[in-house]
Amino acid sequence: MMEDTKKKDGKNILLTISWIAAFLPYIFSPIAFGPFAFFLGLVLRRDYEVGNQGKIIMVLGVVNTIGGIIFANWVISNLGV
């Protein structure tokens with residue numbers, strides 16, 4: 001039988017991807033990357049026990065999604081794309 005206490009590998013790479021994805025809504029599609037960062041933060045908080053980093057990434061995912069939508073709207077209205 002397999003052990004119940006399997007060590008989860010990849011915590012550092014998941015943290016790195018999550019922090020990057022939390023700020024991508026300003027550069028790329030906020031509708032895609034904001035929820036992606038939120039759910040990565042949720043997985044980190046629930047499964048990897050990283051402390052407050054998971055909560056912070058979840059909050060940044062939501063806030064930066066809203067900010068990215070507002071920024072995109074401002075760019076489109078002022079630059080007339």
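The neighbour count for Tyr26 OH, taken as heavy atoms of other residues, nucleotides or ligands under 6.0 Å away, is above 12.
Residues Ile17 and Ile27 share a single hydrophobic cluster, defined by chaining ILVMFWY side chains whose heavy atoms lie under 4.5 Å apart. Linking Ile, Leu, Val, Met, Phe, Trp and Tyr residues whenever their side-chain heavy atoms come within less than 4.5 Å places Val62 and Leu42 in a single cluster. Cluster annotation: Phe39 and Ile66 are assigned to the same hydrophobic cluster (Ile/Leu/Val/Met/Phe/Trp/Tyr, side-chain heavy-atom contacts under 4.5 Å, transitive). Residues Phe28 and Ile20 share a single hydrophobic cluster, defined by chaining ILVMFWY side chains whose heavy atoms lie under 4.5 Å apart. Transitive grouping of hydrophobic side chains (ILVMFWY, heavy atoms separated by less than 4.5 Å) keeps Ile70 and Trp74 in distinct clusters.
In this structure, Phe33 and Phe36 have perpendicular ring planes: the angle between them is above 60°, well past the 30° mark.
The CG atom of Leu24 lies 13.5 Å from the CH2 atom of Trp19; values are rounded to the nearest 0.5 Å. Note: Leu44 CG to Leu15 CG = 5.0 Å, rounded to the nearest 0.5 Å. Between the OH atom in Tyr48 and the OG atom in Ser18 there is a gap of 10.0 Å [rounded to 0.5 Å]. Going from atom CD of Gln53 over to atom CE of Met58 covers 13.0 Å, rounded to the nearest 0.5 Å. Here the straight-line distance linking atom CG of Leu40 with atom OG1 of Thr16 works out to 11.5 Å at 0.5 Å rounding. Separation of atoms CG (Leu60) and OG1 (Thr65) is listed at 10.0 Å; rounding is to 0.5 Å.
By the 4.5 Å heavy-atom criterion applied to side chains, Ile69 and Ile31 are counted as neighbours. Counting only heavy atoms from C-beta outward, the side chains of Pro30 and Asn64 never approach each other to under 4.5 Å.
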